[in-house]
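Only one structure is covered here, and it is reproduced in the block below.
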Amino acid sequence: VSRGPFFAANWKMYMDPETARDYANAFELLAEPFVDDAYIALCAPFVCLETLSEELEDSEIGIGAQDCYWEPEGAFTGEISARMLRELVDCCIVGHSERRRLFGETDEMVARKVSALLAQEITPIVCVGESLEENQAGRTAERVTAQVVAGLGHLTDEQRGAIVIAYEPIWAIGTGLADTPESANATIAVIRSAAGGLDQAVMLYGGSMKPGNAEALCRQPNIDGGLVGSASLDPGAFAELIVNGLKGGDAR
Ligand code: 13P
């Protein structure tokens, strides 16, 4: 992936194969006017991936997973490996704050997952972001820098340049209260300088990105697109968000 507009839906634990099929069919039509202007991916629950790969076989729209395990196979009940995903997805979310907070994912696990995905030529979308407490204590830059160094420090500059990073302040996720464009831009500038190779990496903003704020966020020089939760669950809203985000990107 090289720097350019990039919009990923994170469906989280919503949708099933049937609703995913309906969504894909509707979204493919809606996305026709702009599908060549941005890289777009739908990050879906594992059980939807096969359906999406059938429905979107002839489409430019990419498919993503929301997590993976680093070992290629073995006695790891319930896990899905990066190698198993290889034929099904183009990208995979890693280190989402919900996985860190609810399922104990650590920076060390993020680092292993990123390596496993790169080995399978799947683009990792690595999430970083601070809590409300850290934000209020003025520790945002320190927190995201630590996450980048611990999660991506083991890679070469070239490998880091092939990764997508999503800055998702935890207090902005699912709250309707997005970061301001200027503040998100400044934090992403910190992320870009946290390790070598990130100057040309794709950087997304995530956390209550909506059709109404996508243009202003994407007008910022450091923000290449979005990782979108709630607003991605409706194909019309996600399409509108991308159109507005592209307007912002064009204006910068
Ligand atoms: P919302 O867009 O619902 O705030 O979720 C953001 C998110 O967590 C994307 O990964």
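One-based numbering, in listed order, for ligands and for the atoms of each.
- No hydrogens or angles considered: a donor-acceptor pair under 3.5 Å links the side chains of Asp16 and Thr19.
- With hydrogens left out, the protein atom closest to atom 5 (O) of ligand 1 is Lys12 NZ, 3.3 Å, a heavy atom.
- Residue Ser208 has at least one heavy-atom neighbour below 4.0 Å for each of these atoms of ligand 1: 1 (P), 2 (O), 4 (O).
- Residue contact check: Gly207 has heavy atoms under 4.0 Å from atoms 4 (O), 6 (C) of ligand 1.
- Salt bridge Arg139/Glu142: present, at least one basic N to carboxylate O contact under 4.0 Å.
- Checked for salt-bridge contact, Lys113 and Glu105 meet the test: a charged N lies under 4.0 Å from a carboxylate O.
- Under 4.0 Å from ligand 1, heavy atoms of Ile173 appear from its side chain as well as its backbone.
- Considering both main-chain and side-chain atoms, Thr175 never comes within under 3.5 Å of ligand 1 through any nitrogen or oxygen pair.
- For atom 3 (O) of ligand 1, the nearest non-hydrogen atom of the protein is Ser230 OG, 2.4 Å.
- Remark: Asp107 does not engage Arg112 in a salt bridge, criterion side-chain N to carboxylate O under 4.0 Å.
- Annotation: Glu98 places no N or O atom under 3.5 Å from an N or O atom of ligand 1; distance criterion only.
- Within ligand 1, the atoms closer than 4.0 Å to a non-hydrogen atom of Gly174 are 1 (P), 3 (O), 4 (O), numbered from 1 in the order shown.
- Using a non-hydrogen distance threshold of 4.0 Å, Ala231 does not register as a contact of ligand 1.
- Partner of Phe238 under the ring-ring contact (aromatic ring centres under 6.0 Å, His included) criterion, out of Tyr23, Phe27, Phe34, Phe7: Phe27 alone.
- With hydrogens left out, the protein atom closest to atom 9 (C) of ligand 1 is Glu168 OE2, 2.9 Å, a heavy atom.
- Judged by distance alone, the side chains of Tyr167 and Gln147 never bring a donor and an acceptor atom under 3.5 Å apart.
- Gly229 N, 2.9 Å is the protein heavy atom nearest to atom 2 (O) of ligand 1.
- Ion pairing between Lys247 and Asp250 fails under the 4.0 Å rule for side-chain N and carboxylate O.
- Trp171 and Glu133 share no donor-acceptor pair across their side chains, judged by distance under 3.5 Å alone.
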